Amino acid sequence: MSAPRKVVVIGAGPAGYVCAIRLAQLGQDVTVIEKEEIGGTCLNVGCIPSKALIAAGSLMHKIGEASTMGIKVKEPELDLPKLIEWKQGIVGRLTGGVTGLLKNHKCKVVMGTAKLTGKNSVEVTSKDGKQTLKCDDIVIATGSVPIAIPGFDFDEKDVWSSTGGLSPDRLPKHIVVIGGGYIGLELGFMYRNLGSEVTVLEATPGALPGQDRDCVKVIERSLKKRKIKLMTETFALGYEKKGKKTLVKIKTKKGEEVVECDQILSTVGRRPYSEGLGLEAAGLKVEKQGFLKVDDQMRTSVPNIYAVGDIAGQPMLAHKGSKEGLIAAAVIAGKPDRYDVRCVPAVIFTAPEMASVGETEEQLKERGVKFNVGKFPFAASGRAMSLMETDGFVKILADAKTDELLGVHMVGPEVTELIAEAGLAIEMGATAEDMGRTIHAHPTLPEAMMEAAEAVHKLAVHIYQK
Ligand code: NAI
């Protein structure tokens, strides 16, 4: 066996820590450098805390509907400090778990800020001073940071980024959310469910740009039903404080207006993070959008330097970063591997949830691919009825010639879980007929996927297709 390679991984988010653990499993000598918290954005101030708060919001909403099932419940009361403590407990257990895993795998962890000083050297500044690590390979997994728009610098007091929005010191009476994308809508629904008034300002003509428009229509209807105000083609220009009031100046198609609120949350996207990383010293340069260009083995233009996760390009999703981390680790350890995925699932924890994998109708049309569509509504699912969650549908796009699954888009109950089956099917080159012929347990939500697959050939049994 060849001698272990000395590898420095910069960043301990879901791309970096997964890469580090896999490198250790493959016998390499690994040092991980992290300047903030083990677990990165995802575990500390992203996916995990948001899902905890969203689950609490959904429960509050569900309790409000319990009387339909004949269960009488008094008005639920929110104990916000207790909710935040519970959420922090989950974050603590997970980050503690990852720290333990790194230790068990004998990955060295240095808490400090890394800077490249050459192709094979990294300088780390920590509270104990500076040290230089020599290595064979470097993996850059520095992630991304929220974008701030002019007039709305994050002070995490008047203007929250997603980080502030996930650790509220109080429940805002009226929160203005700038940006109707993933984070804006997830947190918008969450705050509404917990009891805030919510206004979402979105620059484009609709929520969730780039997502399947049929699915988004269901989300937009739900926003209306829950009395969340979505203002499209609207830009936030600035704000001023008047006593306890926050006055947000906005520009709509009709002209300028002022919206009064007591909290602003700005979620207009994230950008890759590489400031102060010393890329030039190693001969690296970011592209226009700030990403580091990589090949299908996660190599940058410098062969012994790899990039994984948000810094390595869209989509900026934790699971895509983890996958890239595994590939970089295998390649460094000399194993044959490359990023060769047919699809990356996307899940959005709105109410109802939305999930998709593969191409959208718009993308297929643009590529000139002929396809058939099969759709099945949750309103026809017994399981969805028993959950009192019948809004939404599963939509399957299959190649008109080969019947191969090209895209699956869904909105409705538990679809963030359901999408896994669709991802596997696309990866395995399954056809709509394959999925339709597979027995799905009754009564479950995934039956909707089987029926949508049957609907591609006008053979769904539980809906009438002319
Ligand atoms: P995003 O790109 O999803 O949405 C930003 C929204 O802001 C867009 O709809 C855009 O049109 C709008 N916008 C931009 N500038 C604006 C302006 N000046 N005024 C009004 N609207 C404006 O970005 P977001 O929500 O900040 O999330 C960042 C990334 O984090 C996502 O792209 C996603 O990759 C990741 N994420 C993933 C989640 C998941 O997997 N469930 C959850 C949350 C975030």
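Keep in mind the model is a prediction, meaning the values are calculated, not measured. When a residue number appears, it is its place in the shown sequence, counting from 1.
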Heavy-atom closest contact (Pro49 atom, Asn44 atom, distance): CG-O, 3.3 Å
Salt bridge (charged side-chain N to carboxylate O under 4.0 Å, His left out) evaluation trace for Glu233 with Lys253: CA-CA 7 Å; Glu233 295 179 79; Lys253 271 196 297 188; 3.5 Å; yes
Using distance only, find each side-chain donor-acceptor pair of residues 172-186 under 3.5 Å and give its atom names and separation, not counting sequence neighbours.
residue	atom	partner	partner atom	Å
His174	ND1	Glu260	O	2.9
His174	NE2	Thr199	OG1	2.7
Glu186	OE1	Lys51	NZ	2.9
Glu186	OE2	Phe349	N	2.8

Value for CG (Asn193) from CE (Met60), rounded to nearest 0.5 Å, stands at 8.5 Å
If only side-chain N and O atoms count, and only distance matters, is there a donor-acceptor pair under 3.5 Å linking Gln289 with Arg271? no
Note: Ala148 and Asp153 closest approach over all heavy atoms is CB-OD1, 4.5 Å
So does Ile228 get a backbone contact from the side chain of Arg192, meaning a donor-acceptor N/O pair under 3.5 Å? no
Residues 88-101 vs side chain to side chain donor-acceptor pair (under 3.5 Å), sequence neighbours excluded, gives none
Under the side chain to side chain donor-acceptor pair (under 3.5 Å) definition, can you give me all pairs with a residue in residues 344-355, not counting sequence neighbours? Glu353-Thr416
Less than 4.5 Å apart, any side-chain heavy atom of Leu247 and any of Val259? no
Nearest 0.5 angstrom please: Leu53 CG to Ile48 CD1, how far? 11.5 Å
Salt bridge (charged side-chain N to carboxylate O under 4.0 Å, His left out) partner of Asp391, the single match among Lys225, Lys224, Arg226, Lys217: Lys225
If we ignore angles and hydrogens, is there a donor and acceptor under 3.5 Å between the side chains of Glu421 and His440? yes
Rounded to the nearest 0.5 Å, what's the gap from CD on Glu34 to CD1 on Ile10? Could you check? 11.0 Å
Can you list every salt bridge (charged side-chain N to carboxylate O under 4.0 Å, His left out) pair that touches residues 8-24, not counting sequence neighbours? none
Closest approach of Ile149 to Ala236 (non-hydrogen atoms, all atoms of both residues): CD1-O, 4.5 Å
Side-chain heavy atoms of Ile140 within contact of Leu279, under 4.5 Å: yes
Provide the full list of salt bridge (charged side-chain N to carboxylate O under 4.0 Å, His left out) pairs with a residue in residues 40-50, sequence neighbours left out, each pair given once. none
In terms of side-chain heavy atoms, does Ser167 have a donor or acceptor partner in Lys87 at a distance below 3.5 Å? yes
To the nearest 0.5 Å, atom CG of Leu116 lies from atom CD1 of Ile138 at 5.0 Å
Under the ring pair (Phe, Tyr, Trp, His ring centres under 6.0 Å) rule, what pairs show up with a residue in residues 212-248, not counting sequence neighbours? Phe152-Tyr239
Quick one: salt bridge (charged side-chain N to carboxylate O under 4.0 Å, His left out) pairs with a partner in residues 355-364, sequence neighbours left out? Glu359-Arg367, Glu361-Lys395
Which distance, rounded to the nearest 0.5 Å, do you find between the CZ of Arg383 and the OG1 of Thr390? 13.5 Å
Glu156 meets the side chain to side chain donor-acceptor pair (under 3.5 Å) criterion, sequence neighbours left out, with Ser161
Of all residues at least two apart in sequence or in a different chain, which pass the side chain to side chain donor-acceptor pair (under 3.5 Å) check with Lys229? none
Show which side-chain atoms of residues 64-86 pair as donor or acceptor with protein atoms under 3.5 Å away, not counting sequence neighbours.
residue	atom	partner	partner atom	Å
Glu65	OE2	His61	NE2	3.3
Thr68	OG1	Glu65	O	3.0
Asp79	OD1	Lys82	N	3.3

Whether the side chain of Tyr191 engages the backbone of Gly165 through a donor-acceptor N/O pair (distance < 3.5 Å, no angle test) should be reported. yes
Non-neighbouring partners of Lys115 that pass salt bridge (charged side-chain N to carboxylate O under 4.0 Å, His left out), sequence neighbours left out: none
Under the salt bridge (charged side-chain N to carboxylate O under 4.0 Å, His left out) rule, collect the residues that match up with Glu257, sequence neighbours excluded. none
To the nearest 0.5 Å, tell me how far Ile419 CD1 sits from Ile348 CD1. 10.5 Å
